[in-house]
Amino acid sequence: MVDNKSIAEVFHEIADLLEIKGDNPFRIRSYRNAAMVVETYPESFDTLVREGTTDLQSISGIGEAISGKIKEIVASGDCKAHRDLLKQVPGSLLEIMQLQGVGPKTTALLWKKMHVKTVEDVEKLATAGKLRKLPGLGEKSEQKILESIQNRKKFSGRHLLSQAEEAAEEILRYLGAKPGEKATRKSSRRTAGVNFFAVPAGSLRRARETIGDVDILVTGKKCSAVIDRFVKFPGVDSVLAHGDTKGSVRLKTGLQIDLRAVEEKSLGAALQYFTGSKDHNVALRTRAQKMGFTINEYGLFAVDRKGEKEKWVAGRTEEEIYEKLKLQFIPPELRENRGEIEAAEKKSLPRLVELEDVRGDLHMHTTETDGTASLGEMVEAARGRGLQYIAITDHTQSTRVANGMDEKRLEKQIQAIDKLQRQFNDITVFKGTECDILADGRLDLPDSILEQLDVVVVSIHSHFQQSTREVMDRLERAFSNPHVRIFAHPTGRLLFHRPAYAVDLEKLFALAKKYKVCLELNSQPERLDLNDVALRRAPELGVPIVISTDSHATQQLDYLKFGVRTARRGWLEAKHIANTQPMKTFLKTISRH
DNA sequence: GCCGTTTTCGGCCCGACTGTTTTCAGTCG
């Protein structure tokens with residue numbers, strides 16, 4: 001079984017290697033594009049190829065050559081063209097090309113002139129002052145390369161969505177701007193009172209699960225003063241750039257933040273441009289061009305016959321840009337060039353779920369196991385957030401590190417919930433459990449106690465090394481228990497820490513459908529599991545999703561926003577999500593009869 | 001290498017910034 005990501009990786013590497021070789025840039029772009037298409041395609045290419053029912057070339061971006069290579073990789077796990085390239089260009093050069101400020105040309109130069117093969121080689125030569133003699137490089141370039149080698153060791157690269165969002169909000173507060181997306185909706189009149197206002201763009205605005213760097217746009221008067229203040233933010237480790245229209249810093253956490261000043265007239269265009277994604281923008285520009293426009297961060301311009309810019313058409317808001325391109329407004333979470341432009345053209349974009357749609361939270365812990373808040377505190381916190389129903393789902397006995405509960409302790413908790421419930425008529429507290437699925441698929445608690453619960457959530461916390469076959473058999477056995485309602489964090493992945501266990505997503509959806517088990521979208525920032533790509537299959541396959549926080553503390557109830565934004569990235573509407581429904585409908589949706 | 005309201009060849013998104021250069025190449029987003 002070859003997953004889409006591995007196929008995409010081969011194409012990424014082919015593109016990088018061709019680039020070092022100095023091959024045709026458009027050919028390189030094709031491979032990059034193909035990698036992106038494969039990586040984000042909702043179905044497994046392995047399955048597509050084996051079933052043989054889909055013509056790969058019908059997928060945009062995949063032609064004769066790449067289709068052949070996909071088939072080759074699925075059949076043999078290898079690609080001859082890739083192997084041949086690695087004979088011509090050492091694979092270790094790819095790591096050099098990853099260094100900030102070092103691209104394919106410099107990598108090729110280092111390799112051909114200095115016979116450099118590894119980052120360590122580069123470091124030695126730079127330290128010895130030997131790089132500055134190369135044509136096109138000087139003392140400063142040498143210093144920059146050395147710095148980026150050191151930074152590479154110091155900073156891991158990407159950051160969790162939650163960390164990036166916190167950093168952005170902290171900086172906006174520091175700058176004296178109101179944080180949050182809503183700032184974009186404000187008219188210029190509202191901003192006149194303040195000196196300026198600021199809004200995050202980039203992958204943070206699209207709510208990607210991990211963030212490389214944070215882009216913030218500011219507009220208004222005296223933006224250069226804002227940038228001056230920005231580079232003095234207390235959390236700054238180093239200032240990377242400091243000009244009139246742009247500032248760039250590295251925080252002590254390693255996160256890079258770029259601040260750009262734009263004119264109010266161009267704010268919409270800049271927001272569109274810097275929100276990306278790159279692939280979305282490329283597709284949008286291509287469309288603009290066909291319609292006789294050109295588009296950049298300053299606005300949408302009409303073009304004359306010679307291709308010269310003629311007149312400014314739009315740019316104050318994003319809405320007017322999409323409108324001029326005869327598209328529905330595309331929410332940032334969808335801007336990944338995964339079909340959103342085609343859907344916007346047909347006016348068939350989904351009405352994405354909103355945070356306010358969610359009425360319940362079906363996964364949370366208390367001090368009874370590994371939570372930091374008591375039952376009463378969790379309920380109060382949920383009430384305070386306006387939730388109409390929640391489920392208390394503490395761990396079960398086999399998860400010993402979390403002080404998991406046995407039957408007796410759970411019985412006591414059931415009584416405690418019954419007692420507590422009498423105090424409230426504005427929130428319903430479901431009695432639940434996050435019951436372990438044991439290695440062989442049995443559940444960690446007997447039916448005699450499960451049948452007393454309102455919501456049985458099940459999940460995997462052990463034996464992550466099982467084969468796909470073992471995992472799927474394990475899940476089928478668990479799902480066949482009639483008390484099981486929700487399968488939590490279905491792939492078990494932890495961002496930056498642990499890959500998913502060997503779950504076959506297509507089969508998982510089929511099992512969920514067969515046994516009427518809902519799949520969870522876990523809102524913990526390091527989980528976001530199921531992810532955006534997987535979620536998109538849920539409506540097609542008729543499997544309801546439940547968005548839960550898996551809170552281990554009262555403040556974590558706010559993680560719901562990350563779950564909702566991930567759901568939006570998965571094109572989900574409120575109707576696809578069980579816990580947007582009123583309590584009674586919800587109970588009906590998750591009931592199996 | 002892909003694609004087609006320039007349709008089987010000839011295009012392919014575009015601008016800022018930086019450092020090295022005297023007019024531009026490389027990198028980045």
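Throughout, a chain's letter reflects where its sequence line sits, starting with A, and its residues are numbered from 1.
As a whole-Å value, the separation of N281(A) CG from dC14(B) P is 12 Å. The nearest whole Å value for the distance from the CZ atom in R32(A) to the P atom in dT27(B) is 12 Å. Look at CD on E142(A): it is 14 Å from C1' on dT20(B), rounded to the nearest Å. We find that CG of L300(A) is positioned 12 Å from P of dC14(B), with the value rounded to whole Å. The nearest whole Å value for the distance from the CG atom in L99(A) to the C1' atom in dT27(B) is 13 Å. At whole-Å resolution of the value, CE in M36(A) and C1' in dG1(B) are 15 Å apart. Separating the NZ atom of K246(A) from the P atom of dA16(B) is a distance of 12 Å, rounded to the nearest angstrom. In this structure, Q256(A) places its CD atom 10 Å from C1' of dC28(B), rounding to the nearest Å.
Taking atom P in both dC14(B) and dC9(B), the straight-line distance is 25 Å, to the nearest Å. Spacing between dC3(B) and dT8(B) at atom P, rounded to whole Å, works out to 16 Å. Atom P of dT21(B) sits at a distance of 24 Å from the matching atom of dA16(B), rounded to the whole Å. Straight-line distance between the P atoms of dG26(B) and dT22(B): roughly 13 Å, to the nearest whole Å. Between dC17(B) and dC12(B), the distance separating the two P atoms is 25 Å to the nearest Å. Atom name P, nucleotides dG15(B) and dT20(B): the rounded distance is 26 Å, in whole Å.
Nearer the 5' end of DNA chain B, as judged by each residue's closest nucleotide, is the contact made by Q57(A), out of Q57(A) and G136(A). Position along DNA chain B of the nearest nucleotide to I295(A) versus V102(A) favours I295(A) as the more 5'-ward residue.
Remark: side-chain polar atoms of S266(A) are not paired, donor with acceptor, to backbone N or O of G299(A) under 3.5 angstrom. Remark: the backbone N or O of I145(A) is paired with a side-chain donor or acceptor of S148(A) at under 3.5 angstrom.
For dA16(B), the paired base is dT27(B) (Watson-Crick or G-U wobble, both distances below 3.5 Å).
Evaluation of atom-type donor-acceptor distances gives no pair under 3.5 Å for the side chain of D215(A) against the base of dG29(B). In the interface, the side chain of Y298(A) is not paired with the base of dG15(B) through any donor and acceptor atom under 3.5 Å apart.
Here dT20(B) is the nucleotide among dG1(B), dT20(B), dG29(B) with the atom lying nearest to any side-chain atom of S141(A). Taking every side-chain heavy atom of Y273(A) into account, dG29(B) is the closest of dG29(B), dT20(B), dC2(B). In this structure, of dC2(B), dT27(B), dG29(B), it is dG29(B) that holds the atom nearest to the side chain of D213(A). The nucleotide whose nearest atom lies closest to any side-chain atom of T245(A) is, among dG1(B), dG19(B), dC17(B), dC17(B). The side chain of A241(A) has dT18(B) as its nearest neighbour among dT18(B), dT27(B), dG15(B). Set against dG15(B), dG1(B), dT27(B), the side chain of T106(A) has dT27(B) as its closest nucleotide. With dT18(B), dC2(B), dC12(B) as the candidates, the nucleotide lying closest to the side chain of F26(A) is dC12(B). For E297(A), whose side chain is taken as the heavy atoms from C-beta onward, the closest listed nucleotide among dG15(B), dC14(B), dG1(B) is dG15(B).
Of all non-hydrogen atoms in L271(A) and A201(A), the two that sit nearest each other are CD1-CB, 4.2 Å. Listed here is the closest heavy atom pair of L530(A) and L505(A): CD2-CD2, 3.9 Å. Considering every non-hydrogen atom in both R32(A) and H12(A), the closest pair reads NH1-O, 4.0 Å.
Backbone-only engagement by K144(A) is indicated by non-hydrogen atom pairs under 4.0 Å involving sugar-phosphate atoms exclusively. When heavy atoms are screened at a 4.0 angstrom cut-off, I28(A) is found touching no nucleic acid atom at all. Across all strands, E139(A) comes closer than 4.0 Å only to sugar-phosphate atoms, never to a base (heavy-atom distances). Residue-level contact check: L137(A) touches the backbone only, with heavy atoms under 4.0 Å from sugar-phosphate atoms and none from bases. Note on I14(A): nothing from the nucleic acid sits closer than 4.0 angstrom, heavy atoms only. Looking at heavy-atom distances under 4.0 Å, I59(A) makes contact with sugar-phosphate atoms alone, never a base. P104(A) comes within 4.0 angstrom of sugar-phosphate atoms only, judged by non-hydrogen atoms across all strands, and of no base.
Remark: T107(A) is not in phosphate contact with dT27(B), judged by side-chain N or O atoms under 4.0 Å from OP1 or OP2. Between S60(A) and the phosphate of dC2(B), there is no side-chain N or O to OP1/OP2 separation shorter than 4.0 Å.
Within a 6.0 Å sphere centred on CZ of R351(A), heavy atoms belonging to other residues, nucleotides or ligands number 12 at most.
D258(A) and S248(A) form a side-chain donor-acceptor contact under 3.5 Å, judged by distance and modelled atom types alone. Remark: the H242(A) side chain and the D228(A) side chain contain an N/O donor-acceptor pair separated by less than 3.5 Å.
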